[in-house]
There are 2 protein chains.
Amino acid sequence: MELNDIKVLLVDDEADVLDFMKYNLEKEGFWVYTARDGMEAIQLARKINPHIIILDLMMPKLDGIETCRELRAMPEFKNTVIAFLTARDEDYSQVAGFEVGADDYITKPIKPRVFISRIRALLRRLEGQNGVAKLVVGGIEIDRERYLVIKDGKEITLPRKEFELMNLLASKPGRVFKRDEILSKVWGNDTIVGDRTIDVHIRKLREKIGEEYFKTIKGIGYKFDA
Amino acid sequence: MELNDIKVLLVDDEADVLDFMKYNLEKEGFWVYTARDGMEAIQLARKINPHIIILDLMMPKLDGIETCRELRAMPEFKNTVIAFLTARDEDYSQVAGFEVGADDYITKPIKPRVFISRIRALLRRLEGQNGVAKLVVGGIEIDRERYLVIKDGKEITLPRKEFELMNLLASKPGRVFKRDEILSKVWGNDTIVGDRTIDVHIRKLREKIGEEYFKTIKGIGYKFDA
DNA sequence: TTGGGAGTTTAAGATAATGTTAAATGGGGG
DNA sequence: CCCCCATTTAACATTATCTTAAACTCCCAA
């Protein structure tokens with residue numbers, strides 16, 4: 001998941017806290033949305049489908065705990081990361097928060113560095129869960145943990161690049177990946193490799209997995225199809 | 001998309017805010033147009049077809065929300081980036097804005113650095129979507145992500161130029177594209193190809209998609225119609 | 001009715017883009 | 001230090017796609 005696509009919903013009734021967090025997150029390239037209270041937060045969340053929601057505990061209308069509970073009750077937010085924002089000496093017990101499904105507690109006052117790295121840590125968790133270890137696509141199973149592809153019960157080991165290429169293409173079956181997208185995602189933005197490198201790896205995959213799965217879109221790139 | 005070609009439409013009733021934004025954007029190489037209220041904004045937008053529209057929330061005649069709603073109702077602005085400009089403590093909820101299809105909120109007072117990077121971020125998003133992945137026009141579906149045209153459930157793969165031509169024409173059904181417009185959009189401003197090249201590609205599309213969809217406007221160009 | 005402009009169609013040649021193979025490179029483990 | 005394997009490169013082969021030329025059709029106006 002690109003950092004550029006990450007949407008964070010901040011919920012707090014204090015405008016300056018909101019702005020401060022927003023400023024720091026935007027500087028890092030996140031998409032930031034804000035709401036002033038729980039009701040607004042829920043409405044907005046349904047519109048924008050954020051990846052992370054940061055909820056202040058004390059809010060008018062609907063407090064953080066209640067908001068969180070309501071969000072968690074909706075299936076679309078089952079896997080959204082939700083964190084609470086709390087003054088250090090606010091004597092709400094954290095227990096209540098975790099009970100309603102919070103993923104983390106962040107204490108005020110907010111220090112930018114700490115705050116950002118906290119968010120990043122939460123994101124890693126998010127990636128961890130939806131970048132599942134196993135991916136099954138049309139009879140082919142990709143085991144990211146063991147770097148294996150399993151087809152018809154047979155385990156096929158792939159070298160790193162081949163595996164990453166396979167993994168990229170199979171992550172969205174049917175979708176065409178442009179050559180430069182493949183280059184930047186598998187080889188990295190900085191590395192410069194020759195024009196034929198991708199083709200050679202595709203060729204190896206075709207050999208090992210099967211010709212029929214890898215389709216060439218001339219002038220554009222490749223796609224994986226089952 | 002070259003930065004040089006990016007057109008930004010700023011809409012605000014306060015002249016100094018307008019000037020300030022204009023100055024900063026022009027310094028960065030954007031083409032900036034301005035309007036004082038929603039009515040003017042809509043008229044101007046239809047003329048210049050901007051990539052981004054920045055709407056002040058509070059405006060005479062037609063406020064930001066309403067303007068946005070009207071713009072979004074027109075097919076040509078379906079994919080335009082629209083952002084709202086709002087005073088920090090204006091307690092309009094963001095919900096209303098996102099409901100009418102806003103892409104972002106920018107808070108006043110405007111800080112040049114932040115403002116510019118926000119605009120750039122919005123542009124990246126625009127490029128990313130590159131128009132929506134799927135476009136459905138009268139029983140024909142164009143799947144840009146999979147590089148497919150689907151008609152009556154049948155998947156039709158098109159070579160690159162044909163696909164791009166198809167995509168261009170179908171992006172505004174009914175609208176006539178002049179031959180030189182087609183040339184510059186599908187082939188690029190620099191490449192020099194004969195006039196007959198377009199016809200040949202139209203021919204192939206007629207073969208693959210159906211004669212009836214591609215209408216010739218003699219002396220002008222072609223249009224796609226369902 | 002006829003000539004010309006504009007578009008259509010076809011097929012063939014030109015031109016990219018990709019496929020393939022083999023050999024060079026380069027890094028880690030024995 | 002060497003060997004093995006993954007990776008990359010280089011050279012060449014093989015397409016798919018693009019472009020063009022040329023013959024053909026159609027419609028309109030003289």
Side-chain angles (χ1 to χ4, degrees), chain A residues 144 146-149 155-169 176-225, chain B residues 144 146-149 155-169 176-225:
Chain A
R144 304 187 221 241
R146 301 196 294 151
Y147 260 65
L148 278 178
V149 174
E155 296 190 347
I156 305 166
T157 44
L158 297 178
R160 198 171 68 246
K161 291 286 184 212
E162 281 170 46
F163 186 84
E164 280 168 13
L165 178 55
M166 172 79 200
N167 191 35
L168 175 67
L169 295 180
V176 178
F177 290 83
K178 299 191 187 136
R179 294 180 85 94
D180 51 359
E181 191 182 354
I182 294 175
L183 273 185
S184 79
K185 295 217 168 129
V186 175
W187 277 267
N189 279 310
D190 39 348
T191 48
I192 301 142
V193 293
D195 239 18
R196 303 268 63 71
T197 303
I198 295 179
D199 313 39
V200 174
H201 282 87
I202 288 284
R203 181 160 174 291
K204 301 224 164 117
L205 286 178
R206 283 179 170 149
E207 261 174 15
K208 293 177 189 172
I209 313 292
E211 295 285 338
E212 62 276 26
Y213 294 102
F214 302 90
K215 248 191 155 175
T216 305
I217 312 297
K218 255 190 131 164
I220 312 291
Y222 296 92
K223 70 174 164 181
F224 174 88
D225 242 334
Chain B
R144 307 191 226 261
R146 302 200 299 152
Y147 236 80
L148 282 176
V149 175
E155 298 186 345
I156 305 167
T157 45
L158 298 178
R160 194 178 43 180
K161 293 282 189 228
E162 281 170 45
F163 187 85
E164 280 168 13
L165 177 56
M166 172 80 201
N167 192 35
L168 175 68
L169 294 180
V176 180
F177 289 84
K178 297 187 192 138
R179 298 180 86 93
D180 50 0
E181 190 182 355
I182 293 175
L183 274 184
S184 79
K185 295 221 166 121
V186 175
W187 276 266
N189 282 310
D190 39 347
T191 48
I192 303 141
V193 294
D195 237 24
R196 300 279 125 286
T197 302
I198 296 178
D199 312 37
V200 173
H201 281 89
I202 288 285
R203 165 94 235 318
K204 300 217 166 120
L205 286 178
R206 285 178 168 150
E207 259 175 17
K208 293 178 189 171
I209 313 293
E211 297 286 337
E212 62 277 27
Y213 294 102
F214 303 90
K215 293 218 171 99
T216 305
I217 314 298
K218 260 188 116 156
I220 313 288
Y222 295 92
K223 71 173 167 179
F224 175 88
D225 243 333

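In what follows, chains carry the letters A, B, and so on, assigned in the order in which the sequence lines appear, proteins first and then strands, with residues in each chain numbered from 1.
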Report the distance from atom [atom1] of [X] to atom [atom2] of [N], rounded to the nearest whole Å.
| X | N | atom1 | atom2 | value |
| --- | --- | --- | --- | --- |
| B/Ile217 | C/dG7 | CD1 | C1' | 12 Å |
| B/Leu183 | D/dC18 | CG | P | 14 Å |
| B/Leu165 | D/dC18 | CG | P | 11 Å |
| B/Ile220 | C/dG5 | CD1 | P | 18 Å |
| A/Asp199 | C/dA17 | CG | P | 12 Å |
| A/Lys215 | C/dA17 | NZ | C1' | 17 Å |

With a cut-off of less than 4.0 Å, is there a side-chain N or O of [X] near OP1 or OP2 of [N]?
| X | N | result |
| --- | --- | --- |
| A/Arg179 | C/dT18 | yes |
| B/Arg206 | C/dT8 | yes |
| A/Thr216 | C/dG19 | yes |
| A/Tyr222 | C/dG19 | yes |

Take B/Trp187 and B/Ile182, measure what side-chain contact (heavy atoms from CB on, under 4.5 Å) needs, and give me the verdict at the end.
-> CA-CA 8 Å; B/Trp187 276 266; B/Ile182 293 175; 4.1 Å; yes

Salt bridge (Lys or Arg N to Asp or Glu O under 4.0 Å) filter on B/Asp195, not counting sequence neighbours, yields B/Arg179

Does the pair B/Lys208/B/Glu162 count as a salt bridge with the N-to-O cut at 4.0 Å?
-> yes

Thinking salt bridges, do A/Lys178 and A/Asp180 make one under a 4.0 Å N-O criterion?
-> no

Is there any protein nitrogen or oxygen under 3.5 Å from a nitrogen or oxygen in nucleotides 19-22 of chain D, and what are the pairs?
unit_1, atom_1, unit_2, atom_2, d
D/dT19, OP1, B/Trp187, NE1, 3.3
D/dT19, OP2, B/Trp187, NE1, 2.6
D/dT20, OP2, B/Gly194, N, 2.5
D/dT20, OP2, B/Thr197, OG1, 3.1

Give one of base, sugar-phosphate or nothing for B/Phe163, where a contact means two heavy atoms less than 4.0 Å apart.
-> nothing

Base, sugar-phosphate, or nothing: which does A/Phe214 touch, judged by heavy atoms less than 4.0 Å apart?
-> nothing

Any sub-3.5 Å donor-acceptor pair from B/Arg206's side-chain atoms to B/Phe214's backbone N or O?
-> yes

A/Lys223 side chain to B/Arg146 main-chain N or O, any donor-acceptor pair under 3.5 Å?
-> yes

